[in-house]
Amino acid sequence: MNNLSDKIFSQDHARQLDSQDPLSEMRQEFHIPKQANGDDEIYFCGNSLGLQPKRTQEYLNYELSQWKKLGVKGHFSGDFPWMPYHEFLAEESAKLVGAKTSEVVCMNSLTANLHFMMASFYQPNKLRHKILIEEHAFPSDHYAVESQIRFHGFAPKESMLLAKPRAGEETLRTEDILALIEQQGDEIALIMLPGVQYYTGQVLDMKSITAAGHAKGCRVGFDLAHAAGNIPMALHDWDVDFAAWCSYKYLNSGPGSVAGCFIHERHHKAELYLNNELPRFAGWWGHDKESRFRMENNFLPIETAESWQLSNPPILSLAAIRASLDTVKQAGGIEILRQKSIKLTRYLRELLNQELGNDITILTPEDIHASGAQLSIAVDLHGLDSKTVFDRIEAAGVTCDFRHPNVIRVAPVPLYNSFEDCFKFTSILKKALGVNL
Ligand SMILES: *Cc1c(COP(=O)(O)O)cnc(C)c1O
């Protein structure tokens, strides 16, 4: 090892990076789970379930006390009346994905939103019936797409088109996705790809994919489960038709919390629905707010993304989203978070390459435009089984995600992870693999 490499792999160096980090104090805004010995866990699982902001409890308690004191009147009184509660989330949610406030709404759950979006944007016919998704998509997305195809009387074998990495490669090449759209675009009704692929952490080129899809007459939507709160986006300017994301990964809104949805303003005109050009599944919360309670049974869609809402939403969950969005706002927003995220992930990558370069392969692309807060690491197990390795790192205080046979997914999250976490994780993984002991 030369002096420079000695230097970056040291607790002192990591701590120095933390002391220079303008966001280091945001960690205090979160509850960090503790190890048995009382130390903080090295929590690298924010891509699966984000940690709880300290203010969440306060926001939930406020709504519980409103309900206790006011009963039904809570719909119209207090600082955050329940009737319009989802409106309090729109502005900050819109900033996360690069949308107009009118283009986003928090509702339902992610998979449910994908279905509702497909009810509108997947209208297959004999000539154009395919849905393009990626091979090894997240199971729920795969099932949702497959079932939509069947629902319309088509066969997944013919109508489900899978974008695949080249033989021997782990991630998708943009040029290959664009070529597939160019070749088969006339038969593709819908392109539904991830913004960030959950397994490899690859960021897809949403702008180019959207433009290529539209040039061929396809609708284009994105699953942003691993993108929202991770990378900045510009859904409106990219002209994306729709997107959906969950709020419990990088958005720290609690297990199973309400999801987000984007529908481009091009699709908002009530007449598109009334003329049957853009069908949707409707409910009373999507109906014009002025006349909603007249109960006249004459559906008039709100001319925003809100008109895809069905039910009055779970306020306790929306309160947790509001707490999370306020925390992101306090940090300065997604662009600021991304600046730290790039440094943090780059540091972790450097440490791993330097200390474990012969024993691991990082599947996540190195290009900064093609990666976010996650590194997916294929580990050489040195004859150990993966359970042993996982047990060792867990016992040493790491929470992350291990996928058979040998992939560890780690997400250093800029809101609450530190450079020191990256240092500690690398040391622990070295020990677990018995490297350089
Ligand atoms: C996390 C995740 C989901 C989870 O779906 P839910 O409906 O929230 O249970 C779906 N798709 C992707 C790509 C995910 O990463």
Side-chain angles (χ1 to χ4, degrees), residues 44-51 89 93 96-97 104-119 121-122 131-148 160 162-165 171-172 177 190-204 206 209 220-231 233 235 240 242-262 281 308-311 313-314 317-318 320-321 324 363-364 371-376 399-403 407-411 413:
F44 273 178
C45 219
N47 55 346
S48 182
L49 184 72
L51 291 180
L89 311 177
S93 299
L96 289 174
V97 296
V104 298
V105 60
C106 293
M107 61 180 187
N108 312 313
S109 56
L110 170 55
T111 308
N113 283 341
L114 293 176
H115 275 296
F116 292 124
M117 290 300 100
M118 285 191 274
F121 295 103
Y122 178 54
I131 302 182
L132 172 61
I133 65 167
E134 88 274 30
E135 188 185 45
H136 304 306
F138 192 91
S140 205
D141 300 53
H142 188 98
Y143 305 150
V145 163
E146 201 170 48
S147 62
Q148 284 282 336
M160 205 163 170
L162 302 178
K164 301 174 191 177
T171 51
L172 294 158
I177 300 174
L190 173 65
I191 297 168
M192 203 176 87
L193 289 167
V196 176
Q197 215 280 340
Y198 84 99
Y199 185 73
T200 62
Q202 180 183 17
V203 178
L204 294 190
M206 291 176 257
I209 292 167
V220 185
F222 290 97
D223 182 325
L224 304 180
H226 285 258
N230 178 4
I231 55 165
M233 288 168 277
L235 298 184
V240 169
F242 71 86
W245 58 94
C246 49
S247 66
Y248 49 80
K249 291 173 180 166
Y250 295 102
L251 290 177
N252 309 313
S253 302
S257 199
V258 164
C261 198
F262 162 91
F281 292 165
W308 274 262
Q309 296 173 112
L310 305 182
S311 300
S317 173
L318 296 194
I321 297 180
S324 155
L363 310 182
T364 313
S371 60
Q374 174 180 321
L375 294 180
S376 302
T399 298
C400 66
D401 163 300
F402 205 108
R403 300 266 159 159
V407 170
I408 298 180
R409 295 187 307 161
V410 291
V413 170

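Atoms within each ligand, like the ligands themselves, are counted from 1 in listed order.
- Closest of all the heavy-atom pairs between T171 and L363 is CG2-O, 3.6 Å.
- No donor-acceptor contact under 3.5 angstrom links the side chains of S376 and T200, judged on distance only.
- Atom 11 (N) of ligand 1 has as its closest protein heavy atom D141 OD1, 2.6 Å.
- Note that OG of S247 and CG of L89 are 9.5 Å apart. Values are rounded to the nearest 0.5 Å.
- Among Y248, Y198, W245, Y143, the residue whose heavy atom sits closest to atom 9 (O) of ligand 1 is Y248.
- In terms of heavy atoms, P313 sits closest to L318 at CG-CD1, 3.6 Å.
- Using a 4.0 Å cut-off to heavy atoms of D223, the atoms of ligand 1 that qualify are 11 (N), 12 (C), 13 (C).
- Scanning all protein heavy atoms for the shortest distance to atom 5 (O) of ligand 1 gives T111 OG1, 3.4 Å.
- Only one option out of Y143, Y198, Y199 pairs with F138 in a ring pair (Phe, Tyr, Trp, His ring centres under 6.0 Å); it is Y198.
- Of the protein's non-hydrogen atoms, F138 CE2, 3.4 Å is the one closest to atom 3 (C) of ligand 1.
- Smallest separation of non-hydrogen atoms from V203 and V196: CG2-CG2, 3.9 Å.
- At the shortest separation from atom 15 (O) of ligand 1 among protein heavy atoms lies K249 NZ, 2.5 Å.
- Here is the list of ligand 1 atoms found below 4.0 Å of a heavy atom in H226: 15 (O).
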